[in-house]
Structure formats: C-alpha cells, structure tokens
Amino acid sequence: MALIVQKYGGSSVSDAQSIKRVAKRIAEAKRAGNDVVVVVSAMGDTTDELVDLAAQISPVPPQREMDILLTAGERISMSLLAMAITTLGVKAKSFTGQQAGVFTDAVHGKARIVDVVPFRIRETLAKGQVAIVAGFQGVSSGNDVTTLGRGGSDTTAVALAAGLGADVCEIYTDVDGVFTADPRIVPTARKIDRTTYEEMLELAASGAKVLALRSVEYARRYDVPVHVRSSFSGAKGTMVTGTHGDQIDPNASHDEQEEAVMEDPIISGVAHDRSEAKITVVGVPDVPGQAARIFEVVAGSGANIDMIVQNVSAASTGLTDISFTLPQGDARSTMAALNAVKDELKFDELQVDDQIGKLSLVGAGMKSHPGVSARLFGALRDAGVNIEMISTSEIRISVVTRADSLDEAVRAVHTAFQLDSADGEAVVYAGTGR
C-alpha cells in the first residue's frame with residue numbers, strides 16, 4: 001500500500017464528463033490498495049472568469065474579498081468530485097484548505113504556506129476514505145481565507161505530500177509530462193522521462209507552466225518525488241526527483257547504469273515567458289550606492305526582480321542606465337515607488353516596456369560543455385532575433401527579445417540543440433493556456 005497525493009488541474013475537471021473521468025482514475029487508485037489524497041483546482045477557466053467579474057465591479061477590489069471570491073472555484077470542483085467518486089462506490093470527503101490544515105501568512109493573493117497540519121486528512125484516510133482538498137487556498141493566523149497565487153494548487157499538493165509523508169505526488173495536467181519546450185509553441189517537443197529538482201526549478205522560473213515554481217521549491221526542500229502526468233492518457237509521464245540517477249534501474253549492471261548517466265542530455269529544455277516587463281532607469285549618477293538604493297526602493301514595492309543590466313557610464317556625463325525585468329503586474333507600483341524618490345536618486349527618467357519575451361535554455365551539463373552559448377546565439381542570429389538582455393547561471397542561459405519574436409526564437413533554439421522528437425507531434429489534450 002502506498003500513500004499517493006494526486007493533483008488535478010482546471011483542464012482535467014473542466015466539465016461534468018471530465019470530473020467523472022477523473023473520479024474513475026481516483027477510484028481505481030483506491031481500489032488498488034492505495035491511500036489517496038486529491039488536490040483539485042477550479043473547473044476550467046473559472047478563476048479567470050471570477051477575476052474578470054470582479055474587475056467589472058471594482059477597478060481595485062480589496063485583496064481580502066478577492067481571496068474569498070476566488071476560493072469559490074475550488075470549493076465547487078472539490079464537492080462535485082467527491083460526489084462523483086462516491087457514485088462509483090468509493091467513499092470520499094471534501095475539505096477546504098482551511099479544513100485540511102493548510103496555514104499561510106497573511107499576504108492576500110500570494111500567501112506562502114507556513115505549516116501543514118493535516119489531522120483531518122489523516123482521520124479520513126484511517127477510515128478508508130479518499131480525501132479531496134481544495135487547492136490554491138489556506139488560512140492565516142488571523143483566520144482569514146488566503147490564496148497562494150497562480151499555480152497554488154501544485155504547491156498545495158506538494159505541501160500536503162510532505163506533511164503526510166506521501167510516497168509520491170502525482171501532478172495531473174493536460175499534457176503527457178514535462179517537455180523540452182511548450183508543445184503549444186513547439187509541436188515537435190520531446191517528453192522528458194526524468195529530471196532533477198534543480199533543472200525543473202530553472203524551467204519553472206523561466207516560464208515553463210507545467211509545474212509551479214513554488215511547488216518545485218517545496219518538493220526539493222522536503223524531498224518529495226513529483227510525477228507529472230496527463231489525466232487524459234495512461235502515458236508514463238515525467239519524474240522529478242533529487243538526481244537523474246534516482247530513476248536508473250537498480251537491477252541494471254554497473255556498466256548499464258554508468259552509460260545511462262553518461263547519456264543524459266546536456267540540455268533539458270527551452271522555456272519561455274511573456275509575463276515580464278522591463279523598466280529602465282535612465283541617467284543614473286554612476287557613483288557607489290546608487291544601484292543599492294534603487295533596488296531597495298524596488299524591493300520595498302514588493303516586486304521580484306529577474307534580470308538586471310547596467311550599461312557602462314558615459315565618460316562625459318558620469319551617467320549610466322540600469323535596466324531590470326519584473327512581473328508585468330508589479331511594473332506600475334514599482335514605477336510609482338521609483339518616481340516618488342526621483343529627486344533623491346537624481347535619475348533623468350523611467351522607461352517601461354511590456355512587449356518583451358524571455359527565452360531560457362536549461363541543462364545541468366551546460367557549464368562543462370563548451371560551445372553552448374555560441375550555438376544559442378547563432379541560432380537566434382540565423383532566425384533574425386535580436387537580443388536585448390542576457391543572464392546566466394550554472395545551468396541556464398536567458399535572453400530577452402521582442403515579444404513578437406519569441407515563438408520563432410523558441411523553435412529555432414529547440415531545433416539547434418536537436419531537441420525535436422522523431423516520434424511525431426506532442427499532444428495537448430485540453431486547456432486554453434490562459
């Protein structure tokens with residue numbers, strides 16, 4: 001018997017028939033002798049529709065009320081799924097995030113989990129029942145409902161798996177696993193059978209939406225094996241664990257195991273992100289402490305910085321420009337915070353650009369293999385794609401381009417690194433990608 005935590009995304013429970021199909025999969029896992037906990041997202045695009053509805057009511061709705069509104073979607077899907085499972089002869093009980101013991105800080109809209117106390121879930125499992133938990137939500141110490149931000153259901157699932165000591169956390173989505181690129185952009189993308197937490201962190205941070213970044217961080221911290229699969233097929237999916245070697249056949253010979261490690265691909269995949277904006281602080285005095293003060297102000301506005309570039313100062317003026325990227329949703333508040341201290345910082349002006357795209361090449365073997373950067377930039381050159389910013393880490397190279405060049409850039413780099421599959425086009429079963 002294994003303890004399995006399963007998470008089903010909105011596209012997997014988008015309508016009544018989809019919910020019945022998911023219920024059948026859950027019932028089969030339970031009848032196989034497993035203890036099963038299920039985390040579920042809101043149906044289809046329900047969350048986006050609720051956000052749109054709120055915007056029609058108020059241009060700046062209170063965050064506390066938004067959290068109460070948005071958690072309604074998961075409550076609907078969890079109760080319907082519990083009904084569907086019960087109809088199949090398997091007992092199931094649904095719980096909100098608060099009832100499941102998911103405790104968070106008090107930051108509405110993007111709360112972080114501070115503790116998981118799943119005693120009611122344990123009681124339900126002890127009775128032989130399936131526990132259905134609403135993802136994306138929790139409760140603060142002040143007893144207010146909170147939401148975890150985009151991808152929060154993934155984080156709920158991994159956190160519960162860690163808190164319960166589950167054998168595996170299965171993330172069910174609308175594709176057959178983690179691919180070398182988004183199949184919606186690159187139909188020839190190849191499925192990755194296994195990858196590490198570190199590579200998955202870089203892919204998620206760079207825009208790959210198959211797993212939420214915070215869920216991967218949680219999985220790595222508590223060593224939770226994550227199995228990314230499709231709820232629409234029986235495909236094997238992708239395992240995300242501590243090392244590639246975790247997935248090597250333990251019964252294989254030493255030579256076979258060594259060969260499997262040696263044949264691991266240098267490049268894991270190509271990720272892209274359209275959700276960032278670029279702010280340029282023009283005419284900054286190039287003196288010690290200016291950059292520190294600028295980013296203290298940015299941090300105070302609550303923005304998360306991604307890439308930073310500072311130009312060489314002009315000898316005649318002693319001024320420089322500093323550009324950085326951040327989520328588009330944080331651009332307005334960051335601009336306001338910087339403009340409020342313009343006289344102190346003595347910069348000339350601020351420029352914002354929300355028509356950028358970020359492409360990232362990710363692979364654990366990149367640092368020890370020469371020529372990776374040359375091939376990347378050569379592929380972009382041949383595709384006629386201009387590069388505006390560059391950032392690197394040990395296992396990632398990211399570049400900023402024009403948003404309207406991003407799709408072509410992703411396809412060109414994917415082909416240049418021979419990541420295209422020879423097995424036909426990848427299948428995207430559902431979902432709008434919204």
Side-chain angles (χ1 to χ4, degrees), residues 47-48 50-51 54-55 58-71 97 102-115 136-142 144-156 159 201 204-207 209 212-218 221 273-282 284 289-310 322-345 347 349-354 356 358 389 391 398 400:
T47 301
D48 292 310
L50 290 173
V51 170
S58 170
V60 187
Q63 281 296 321
R64 179 184 182 277
E65 305 311 318
M66 281 298 294
D67 277 0
I68 292 174
L69 172 67
L70 297 183
T71 54
V102 179
F103 294 95
T104 74
D105 60 24
V107 180
H108 288 291
K110 49 182 178 181
R112 300 190 73 87
I113 296 174
V114 297
D115 199 8
F136 176 64
Q137 60 186 254
V139 63
S140 69
S141 58
D144 273 332
V145 171
T146 56
T147 62
L148 308 181
R150 288 291 183 180
S153 292
D154 288 357
T155 307
T156 301
L201 276 171
S206 300
K209 295 179 174 59
L213 175 61
R214 284 162 58 184
S215 72
V216 186
E217 292 173 339
Y218 217 105
R221 185 182 311 157
D273 191 354
R274 302 179 191 278
S275 67
E276 294 191 348
K278 179 176 70 173
I279 290 178
T280 301
V281 188
V282 180
V284 179
Q290 284 297 96
R293 183 63 185 125
I294 287 172
F295 290 108
E296 286 172 355
V297 174
V298 173
S301 72
N304 291 317
I305 298 300
D306 184 9
M307 302 169 67
I308 303 172
V309 171
Q310 178 173 336
I322 298 177
S323 297
F324 57 90
T325 61
L326 74 173
Q328 289 178 5
D330 293 336
R332 180 179 297 180
S333 60
T334 301
M335 294 276 286
L338 286 169
N339 274 319
V341 293
K342 182 177 181 180
D343 291 341
E344 174 195 342
L345 296 177
F347 60 81
E349 63 173 326
L350 295 178
Q351 298 175 352
V352 63
D353 181 359
D354 61 2
I356 63 169
K358 182 177 71 173
M389 300 176 74
S391 174
S398 294
V400 168

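Treat the numbers as computed from the prediction; the structure is a model and nothing was measured. Residue indices begin at 1 and follow the sequence shown.
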Would you say the side chain of [Y] lies within less than 4.5 Å of the side chain of [X], judging by non-hydrogen atoms?
X	Y	result
Val139	Asp144	no
Phe347	Ile294	no
Arg214	Leu148	yes

Taking all heavy atoms of [X] and all of [Y], pick out the closest pair and write down the distance.
X	Y	answer
Ala205	Lys358	O-NZ, 3.5 Å
Lys110	Gly302	NZ-O, 3.8 Å
Thr280	Ser323	OG1-OG, 2.8 Å
Leu70	Thr47	CD2-O, 4.0 Å
Ala331	Ile279	O-CD1, 4.0 Å
Met307	Ser398	CE-O, 3.8 Å

Problem - Criterion side-chain hydrogen bond (donor to acceptor under 3.5 Å, both in side chains) on Ser301 and Ser333, from CA distance to verdict - result: CA-CA 6 Å; Ser301 72; Ser333 60; 4.7 Å; no
Exercise for the section: May I ask you to check whether Gln137 and Thr71 show a side-chain donor-acceptor distance below 3.5 Å? Expected result: no
Problem - Short side-chain donor-acceptor distance under 3.5 Å, Thr146 and Ser140 - result: no
Practice task
Go through Lys209 and Arg150 one step at a time and tell me if the side-chain contact (heavy atoms from CB on, under 4.5 Å) criterion holds.
Solution key: CA-CA 10 Å; Lys209 295 179 174 59; Arg150 288 291 183 180; over 6 Å; no
Problem - Criterion side-chain contact (heavy atoms from CB on, under 4.5 Å) on Val284 and Gln310, from CA distance to verdict - result: CA-CA 10 Å; Val284 179; Gln310 178 173 336; over 6 Å; no
Please answer whether the main-chain N or O of [Y] pairs with a side-chain N or O of [X] as donor and acceptor at a distance below 3.5 Å.
X	Y	value
Ser275	Pro327	no
Asp67	Thr147	yes
Asp154	Ser215	no
Asp354	Ala277	no
Thr156	Phe136	yes

Handout entry: side-chain contact (heavy atoms from CB on, under 4.5 Å) assessment of Leu213 paired with Leu201
Key = CA-CA 6 Å; Leu213 175 61; Leu201 276 171; 3.6 Å; yes
Exercise for the section: May I have the step-by-step check of side-chain contact (heavy atoms from CB on, under 4.5 Å) for Phe324 and Val309, ending in yes or no? Expected result: CA-CA 6 Å; Phe324 57 90; Val309 171; over 6 Å; no
Practice task
Supply the atom-to-atom distance Asn339 CG to Glu349 CD, rounded to the nearest 0.5 angstrom.
Solution key: 10.5 Å
Problem - side chain to side chain contact (heavy atoms under 4.5 Å, CB included) partner of Thr325, chosen from Asp353, Ile308, Asp306 - result: Asp306
Practice task
Please say whether more than 12 non-hydrogen atoms of neighbouring residues, nucleotides or ligands are located less than 6.0 Å from CZ in Arg293.
Solution key: yes
